[in-house]
Amino acid sequence: MPLLTKAPRGTADILPSESYKIRYIENTVSEIASLFGFKEIRTPVFEHTELFNRSVGETTDVVQKEMYTFEDNGKRSITLRPEGTAGCARAFLEHGLFNEPMPQKMFYLTSCYRYEKPQAGRLREFHQFGVECLGASTPAADAEIIALAQNVFDFFELDDINLEINSIGCPVCRKEYHKALLEYFESKKGDLCETCLSRLEKNPMRILDCKSPVCSAIAKDAPVVLNFLCEECDNHFKAVQKHLDAMQIPYTINPQIVRGLDYYTKTVFEFVSTSIGAQGTVCGGGRYDGLIEQLGGNSLPASGFGMGIERLKLLLEAQHTSLPEEPRVQLYIAPASKDYSFEALRLVNDLRMEGISALTDLEERSIKAQMKYANKKNVMFTMVLGSDEIESHKATVKNMDNGETKEISLDNFTEEFMRIILDAALADIGQTDNLNFGDFTLLNGGKI
Ligand code: ATP
Ligand code: MG
């Protein structure tokens, strides 16, 4: 295929026929976030490269191999965001959000960019739903964000998704742990990949996160950080578990989880599914008490997570979760000829002003062709507008599902059409136990 009509590798278009599903997922997670008191934040797609070097960490895969970095015309080094936390933390500091009541809870729905090998569930442009809770140091804060992610999975009735938790301690306990790791990896030096060799001195914990099969096999037998936790971190981790127990959120402790970004401390967690292949981690997060200070602010505890929207969608598909149907267009008005397009466009416009979805002809097609189109578009009602209708100020609205027709006055058109859709919705509700998304939109959209 010629380059011009081929999207870059690792990107995906969301076509009009599919976009409502993503919109539904996004609306759902946003609503759940707001139930927990999180408000949306939007930050730029690109930031200064230094922000990610400092926060994500120089020795991480993301910074070493995956970032889209370029020099702009002003000779600044710019990077497309590989994750959402750094931009939130930067905005938090830049706008003095620390002066507001703590904790500051924010969420985002955002695109991220990583130069990775594209495969199922792994793209170069992907999307994350993320939450950040800044200013709270307690185990309850960690448990609350875990509960938020769990609520999302529960809402969609996903069962093959398991919560795994771990603690990676604080700089105090990590000192001893690093020594033990160094000792262990020194003995395997000959087999480590080159990137990991360079990590050995700077940040041996990163080796635990290496994707190379040899390194990950070596990492399996490495000492685990849980055995090195200081008293404070140990108590914190136990208290997180107590909170999860209290909310009846099931979890397993996986001492192997270290997370791919440098800013994590204490609690780390992942929600993992076996239904979507090798890229099974749908959500990852944890506590990052050091980040704000690392970016030049006063020390401030924080925790958060990032959830991959594409992986969530894959999981919904794998588990055959039914999403609500796309709302249907409520009325199609077919002008009998182009002479009536003025009146048709005026009527559909009036309807739209009242929140009713309506279409009319934009191609000067015959009535037959218009009806074919309306049928294909699955509209709920149709109506023809010609000389008879204009003269009598009356038209006939046809219910496309059952063929029923009703007369409607063109003088009191919007109000009468609202009545017709309300009657149809009530009849529908009376007839079926299953309300669908369309019914609600019809009722709300019609402002009734
Ligand atoms: P992985 O180990 O799969 O590379 P990660 O640890 O790099 O994941 P995070 O940085 O924690 O991922 O990002 C949070 C979430 O974003 C992941 O759990 C996943 O759902 C999603 N995600 C990360 N990278 C990609 C990608 N390249 N394509 C699609 N989704 C991704
Ligand atoms: Mg990764």
Side-chain angles (χ1 to χ4, degrees), residues 52-66 83 85-86 137-139 142 164-241 251-270 281 284-296 299-304:
F52 301 116
N53 291 348
R54 279 285 199 95
S55 55
V56 175
E58 304 268 9
T59 56
T60 57
D61 268 3
V62 170
V63 169
Q64 289 186 321
K65 302 176 186 168
E66 298 172 1
E83 52 87 64
T85 302
S137 63
T138 61
D142 301 357
E164 299 181 357
I165 61 170
N166 190 23
S167 172
I168 56 169
C170 64
V172 176
C173 32
R174 234 179 263 169
K175 262 197 196 122
E176 283 307 302
Y177 180 53
H178 276 190
K179 269 192 220 154
L181 273 186
L182 208 60
E183 207 170 288
Y184 174 78
F185 285 124
E186 282 284 354
S187 68
K188 316 274 176 192
K189 226 170 159 176
D191 298 323
L192 293 177
C193 76
E194 230 162 79
T195 321
C196 284
L197 279 179
S198 75
R199 287 166 169 162
L200 201 55
E201 294 301 324
K202 285 193 215 149
N203 194 347
M205 244 171 96
R206 283 276 69 86
I207 302 175
L208 301 173
D209 212 39
C210 183
K211 294 264 170 16
S212 111
V214 180
C215 297
S216 31
I218 295 174
K220 276 214 167 68
D221 297 323
V224 295
V225 64
L226 272 185
N227 297 333
F228 291 81
L229 293 188
C230 66
E231 199 182 345
E232 188 199 321
C233 288
D234 191 44
N235 287 339
H236 186 100
F237 191 45
K238 284 184 180 133
V240 170
Q241 293 169 53
Y251 58 88
T252 52
I253 295 172
N254 178 355
Q256 306 285 344
I257 300 179
V258 287
R259 308 285 311 125
L261 316 178
D262 262 3
Y263 48 64
Y264 286 107
T265 50
K266 292 184 177 159
T267 316
V268 286
F269 63 88
E270 292 184 349
T281 309
R287 175 160 285 286
Y288 50 92
D289 288 346
L291 177 62
I292 295 292
E293 197 173 10
Q294 212 167 306
L295 297 180
S299 167
L300 189 90
S303 44

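For reference, positions follow the sequence shown, starting with 1.
Annotation: side chain to side chain donor-acceptor pair (under 3.5 Å) contacts of K65 (sequence neighbours excluded): none. For E66, the side chain to side chain donor-acceptor pair (under 3.5 Å) test picks out no residue, with sequence neighbours left out. Residues forming a side chain to side chain donor-acceptor pair (under 3.5 Å) with N203 (at least two apart in sequence, or on another chain): T59, D262. In this view, E270 and R259 satisfy the salt bridge (Lys or Arg N to Asp or Glu O under 4.0 Å) rule, not counting sequence neighbours. Residues meeting the ring-ring contact (aromatic ring centres under 6.0 Å, His included) test with Y288, sequence neighbours left out: Y263. Not a single side chain to side chain contact (heavy atoms under 4.5 Å, CB included) links E183 to another residue, sequence neighbours left out. Judged as a salt bridge (Lys or Arg N to Asp or Glu O under 4.0 Å), and not counting sequence neighbours, E58 has no contacts. Y251 is linked by a side chain to side chain donor-acceptor pair (under 3.5 Å) to D245, counting only residues two or more places apart in sequence or in another chain. Taking K179 as the reference, E176 meet the salt bridge (Lys or Arg N to Asp or Glu O under 4.0 Å) condition, with sequence neighbours excluded. K202 pairs by the salt bridge (Lys or Arg N to Asp or Glu O under 4.0 Å) definition with nothing, not counting sequence neighbours.
Using a 4.5 Å heavy-atom cutoff, the side chains of L208 and L181 are in contact. In this structure the side chain of V258 never reaches within 4.5 angstrom of the side chain of V268, judged on heavy atoms. A heavy-atom distance below 4.5 Å is found between the side chains of Q241 and I253. You'll find the side chain of R199 reaches within 4.5 Å of the side chain of C210, heavy atoms only. Taking the side chain as every heavy atom from C-beta outward, N166 and Q256 never approach each other to under 4.5 Å.
The number of heavy-atom neighbours closer than 6.0 Å to CD of E232, taken from other residues, nucleotides and ligands shown, is 12 or below.
Nearest heavy atom pair, residue G169 against residue C173, reads CA-SG, 3.6 Å. Across R174 and Y264, no two heavy atoms sit closer than the pair NH2-O, 2.8 Å. Among all heavy-atom pairs drawn from P139 and H236, the shortest one is N-CE1, 3.5 Å.
The salt bridge (charged side-chain N to carboxylate O under 4.0 Å, His left out) analysis of residues 284-294, with sequence neighbours excluded, yields the pairs D142-R287, R287-D289.
To the nearest 0.5 Å, atoms OG1 (T85) and CZ (F52) are separated by 10.0 Å. Between atom CZ of residue F269 and atom CG of residue N254 there is a gap of 14.0 Å, rounded to the nearest 0.5 Å. To the nearest 0.5 Å, atoms CG (N235) and OG (S167) are separated by 11.0 Å. Atom CG of L200 is separated from atom CG of L192 by 6.5 Å, given to the nearest 0.5 angstrom. Atom CD1 of residue I218 and atom NZ of residue K188 lie 7.0 Å apart, to the nearest 0.5 angstrom. With rounding to the nearest 0.5 angstrom, the CZ atom of F237 is 4.0 Å from the CD1 atom of I165.
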Next on the checklist: Using side chain to side chain donor-acceptor pair (under 3.5 Å), reason through Q64 and R206 one step at a time and then give a plain yes or no.
Outcome noted: CA-CA 12 Å; Q64 289 186 321; R206 283 276 69 86; over 6 Å; no
Next on the checklist: side chain to side chain contact (heavy atoms under 4.5 Å, CB included) for L295 and S55? Distances and angles first, verdict last.
Outcome noted: CA-CA 7 Å; L295 297 180; S55 55; 4.2 Å; yes
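Evaluated for a side-chain contact (heavy atoms from CB on, under 4.5 Å) with V56, the options L291, D61, V62 yield exactly one hit, V62.
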Please report, to 0.1 Å, the donor-acceptor pairs under 3.5 Å made by any side chain of residues 219-229, with sequence neighbours excluded.
none

